[in-house]
Amino acid sequence: MSPSGHRSVVTGAYKDLPEALDLRRLGLHDEHRYDEEGFPCQRWTEESELDWVWGRSLTRDAPVLVPETYAYYRTRLVRPDRPRFLYEVSNGCAVGGSMPETILHGLMEVIERDAFLMTWYSRRTPAEIDLSTAKGPTVPLLLERIERLTGYTAHAWDTTTEHGIPSVWVGVVDEQERDGYARFLCAAASHFDMEDAVAAGLLELAPIIAQHQDEPADVQDLARRMVDDPDLCTSMLHHSQLNGRPEAQDRLAFLFDGPKREMAPPDPRLHADGPTDLEALLNDTVERLRQHGLEVLVVDQTTPEHRAGGLFCVKVIVPGMLPMTFGNRFRRVRGLDRVFAAAAEQGFDDVNPDPHPFP
């Protein structure tokens with residue numbers, strides 16, 4: 001959340017720092033937001049002075065400067081005097097037992113959230129995954145338990161984007177239309193093995209369901225008003241409350257219009273004899289993304305406490321991929337051409353204006 005093992009030692013403007021990351025590549029806020037009262041982020045220009053922390057481009061094998069307030073998302077609490085130009089959360093943060101493992105987990109989260117948002121903002125109808133075609137025991141057991149204990153019906157959609165790394169959107173629908181229950185809830189996951197991604201998504205979704213059962217009247221009333229006034233959606237929890245309302249279900253209809261397909265086969269690299277070579281897997285993934293014009297950046301967040309436990313901690317950044325944001329005011333799509341091109345392919349002049357339903 002804040003630097004404790006990796007200090008910022010560079011202060012300056014983007015135009016004066018050759019190694020600095022261009023913030024336009026990360027996606028800027030809607031222009032009019034900067035003029036709103038209380039908006040916590042300032043307009044960024046090439047002349048804006050800010051603190052930078054060193055990271056590394058795995059794609060170019062070169063050092064890169066990342067804004068400290070982007071690399072650590074709670075620096076505003078310990079250094080409230082420093083300007084913030086982008087709203088950012090824990091996208092791409094991960095802990096692991098080796099540096100390749102840690103980077104891979106952070107990268108999978110970035111890919112998962114980008115795939116989810118690319119689908120939402122473009123309103124592209126993904127193929128639904130036939131969950132009965134799972135080969136292992138985990139997905140069927142999770143499905144049985146979730147559906148039996150909650151009364152919801154589970155679905156999963158293949159949201160994999162242009163690079164081909166499997167990503168899924170997992171959701172549950174209350175077909176009984178019970179009072180006080182969210183009609184729709186969801187989560188997402190990415191993994192080299194699609195079946196493992198579905199299992200991870202279901203594991204994340206299960207506790208989310210418990211949060212939205214027997215919602216009190218005031219919560220339901222606010223969610224109903226958020227459907228009509230998206231700027232009332234100001235927190236992570238609001239996104240699922242809003243999209244769980246009956247009045248919002250037409251916004252999700254595009255998910256259910258696609259074909260159904262079997263679970264994708266497992267990645268042979270994960271099931272060969274012996275342990276998976278994580279460094280080779282990471283290098284292959286970085287190269288695959290490079291072929292699609294995407295660069296992988298890593299900020300080492302590892303602290304002395306991590307090192308004492310044999311752990312590593314990183315933030316992975318992929319400029320050009322969509323960042324997950326919470327609160328309708330904070331969405332960041334301006335300058336990210338991929339998503340506008342995807343929306344245009346679906347026949348839309350702009351990206352989906354409604355608040356997303358994640359998580």
Side-chain angles (χ1 to χ4, degrees), residues 29-30 32-33 36 87 89 113 115-128 146-147 149-157 159 168-188 201-202 204-258 322 324-333 339 342-343 346-359:
H29 298 289
D30 294 339
H32 70 278
R33 295 297 184 184
E36 293 180 346
Y87 169 99
V89 292
R113 294 177 169 197
F116 182 98
L117 290 174
M118 284 288 286
T119 303
W120 176 256
Y121 283 131
S122 70
R123 286 164 282 192
R124 168 180 65 92
T125 298
E128 183 167 357
I146 288 172
E147 295 188 341
L149 293 181
T150 70
Y152 281 92
T153 301
H155 299 263
W157 296 273
T159 56
V168 299
W169 180 337
V170 177
V172 290
V173 177
D174 182 21
E175 296 180 347
Q176 304 171 60
E177 300 184 356
R178 293 167 289 183
D179 290 338
Y181 282 65
R183 291 284 178 87
F184 178 86
L185 295 165
C186 65
L202 290 171
E204 182 170 321
L205 181 57
I208 293 173
I209 298 172
Q211 294 177 341
H212 296 276
Q213 295 178 345
D214 297 320
E215 291 183 325
D218 60 329
V219 171
Q220 295 184 56
D221 179 63
L222 174 59
R224 193 178 301 112
R225 289 188 286 121
M226 283 191 284
V227 174
D228 296 322
D229 185 356
D231 278 359
L232 293 175
C233 177
T234 61
S235 72
M236 181 166 63
L237 191 59
H238 285 167
H239 285 268
S240 48
Q241 289 172 342
L242 185 169
N243 285 283
R245 289 298 307 165
E247 298 87 351
Q249 297 314 293
D250 60 329
R251 302 177 180 182
L252 298 154
F254 71 93
L255 286 173
F256 299 90
D257 292 336
L322 290 161
M324 182 59 66
T325 56
F326 299 106
N328 191 54
R329 301 171 72 194
F330 296 115
R331 76 172 192 167
R332 291 175 25 224
V333 297
V339 69
Q346 301 303 314
F348 297 104
D349 295 331
D350 199 356
V351 296
N352 191 340
D354 298 318
H356 63 72
F358 188 96

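None of the values given here were measured: they were computed from a predicted structure.
Here N352 contributes atom CG and S122 contributes atom OG; the two are 8.5 Å apart, rounded to the nearest 0.5 Å. Between I146 atom CD1 and T153 atom OG1 the span is 11.5 Å, to the nearest 0.5 Å. From N243, atom CG reaches atom NE2 of H356 across 9.0 Å, with rounding to the nearest 0.5 Å. Rounded to the nearest 0.5 angstrom, M324 CE and M236 CE are separated by 10.5 Å. Rounded to the nearest 0.5 angstrom, L222 CG and D218 CG are separated by 8.0 Å. Atom-to-atom distance recorded for C186:SG and E204:CD is 9.5 Å, nearest 0.5 angstrom.
A distance-only check finds a donor-acceptor pair linking the side chain of H29 to the backbone of Y87 [under 3.5 Å]. Under the 3.5 Å distance criterion, the side-chain polar atoms of Q220 are matched with a main-chain donor or acceptor of E215. The closest donor-acceptor contact from the side chain of Q249 to the backbone of R245 lies under 3.5 Å. In this structure a side-chain-to-backbone donor-acceptor pair under 3.5 Å is present from Q176 to G151. H239 places a side-chain N or O within 3.5 Å of a backbone atom of G327 that can act as its donor or acceptor partner. Side chain of T125 to backbone of F254: a donor-acceptor contact under 3.5 angstrom is found.
Taking all atoms of both residues into account, the shortest heavy-atom contact from A187 to G201 is CB-O, 3.8 Å. The two atoms that bring P126 and T159 nearest to each other are CB-CG2, 4.5 Å, heavy atoms only. When all heavy atoms of C233 and M226 are compared, the closest pair comes out as CA-SD, 3.5 Å. Summarising the geometry of F326 relative to S235, their closest heavy-atom pair is CB-C, 4.2 Å, with the distance given to 0.1 Å. Minimum heavy-atom separation, Y121 to V333: CE1-CG1, 3.7 Å.
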#### Entry: Step-by-step ring-ring contact (aromatic ring centres under 6.0 Å, His included) determination, W157 to F256
CA-CA 9 Å; W157 296 273; F256 299 90; 5.3 Å; yes

### Task
Could you please spell out the steps behind the side chain to side chain contact (heavy atoms under 4.5 Å, CB included) verdict for R332 and D30?
CA-CA 7 Å; R332 291 175 25 224; D30 294 339; over 6 Å; no

### Task
Determine, step by step, whether R225 and L242 satisfy the side chain to side chain contact (heavy atoms under 4.5 Å, CB included) criterion, reporting the C-alpha distance in whole Å, the side-chain angles of both residues, the deciding distance to 0.1 Å, and the verdict.
CA-CA 8 Å; R225 289 188 286 121; L242 185 169; over 6 Å; no

### Task
Check the pair R33, D231 against salt bridge (Lys or Arg N to Asp or Glu O under 4.0 Å), reporting the backbone distance first and the verdict last.
CA-CA 11 Å; R33 295 297 184 184; D231 278 359; 3.0 Å; yes

### Message
One pair to check against side chain to side chain contact (heavy atoms under 4.5 Å, CB included): T234 and N328. What are the steps and the verdict?
### Response
CA-CA 6 Å; T234 61; N328 191 54; over 6 Å; no

### Message
Test side chain to side chain contact (heavy atoms under 4.5 Å, CB included) on L252 and W120; report intermediate values, then the result.
### Response
CA-CA 9 Å; L252 298 154; W120 176 256; 3.8 Å; yes

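Within the 4.5 Å cutoff, no side-chain heavy atoms of L185 are placed close to those of Q211. Looking at heavy atoms from C-beta onward, T150 lies out of side-chain contact with Y181 at the 4.5 angstrom threshold. Contact annotation: the side chain of F184 never approaches that of V172 to less than 4.5 Å [non-hydrogen atoms, C-beta and beyond]. A 4.5 Å side-chain heavy-atom check between V227 and R224 finds every atom pair outside the cut-off. Residues R123 and Q346 have side chains not in contact (no heavy-atom distance under 4.5 Å, counting atoms from C-beta outward). At a threshold of 4.5 Å between non-hydrogen side-chain atoms, the residues S240 and H212 count as touching.
Salt bridge absent: R183 and D174 never bring a charged side-chain N and a carboxylate O closer than 4.0 Å.
In the model, T119 has a side-chain atom that pairs as donor or acceptor with a side-chain atom of R124 under 3.5 Å. Between the side chains of E128 and H155, a donor-acceptor pair is found at a separation under 3.5 Å.
More than 12 non-hydrogen atoms from other residues, nucleotides or ligands lie less than 6.0 angstrom from CG of D229. Remark: D349 CG is loosely packed, at most 12 non-hydrogen atoms of other residues, nucleotides or ligands lying under 6.0 Å away.
Taking the ring axis of F116 as reference, the NZ or CZ atom of R113 does not stay both within 45° of it and closer than 6.0 Å to the ring centre.
Residue R331 is tested with T325, L322, L117 for a side-chain contact (heavy atoms from CB on, under 4.5 Å); the sole match is T325.
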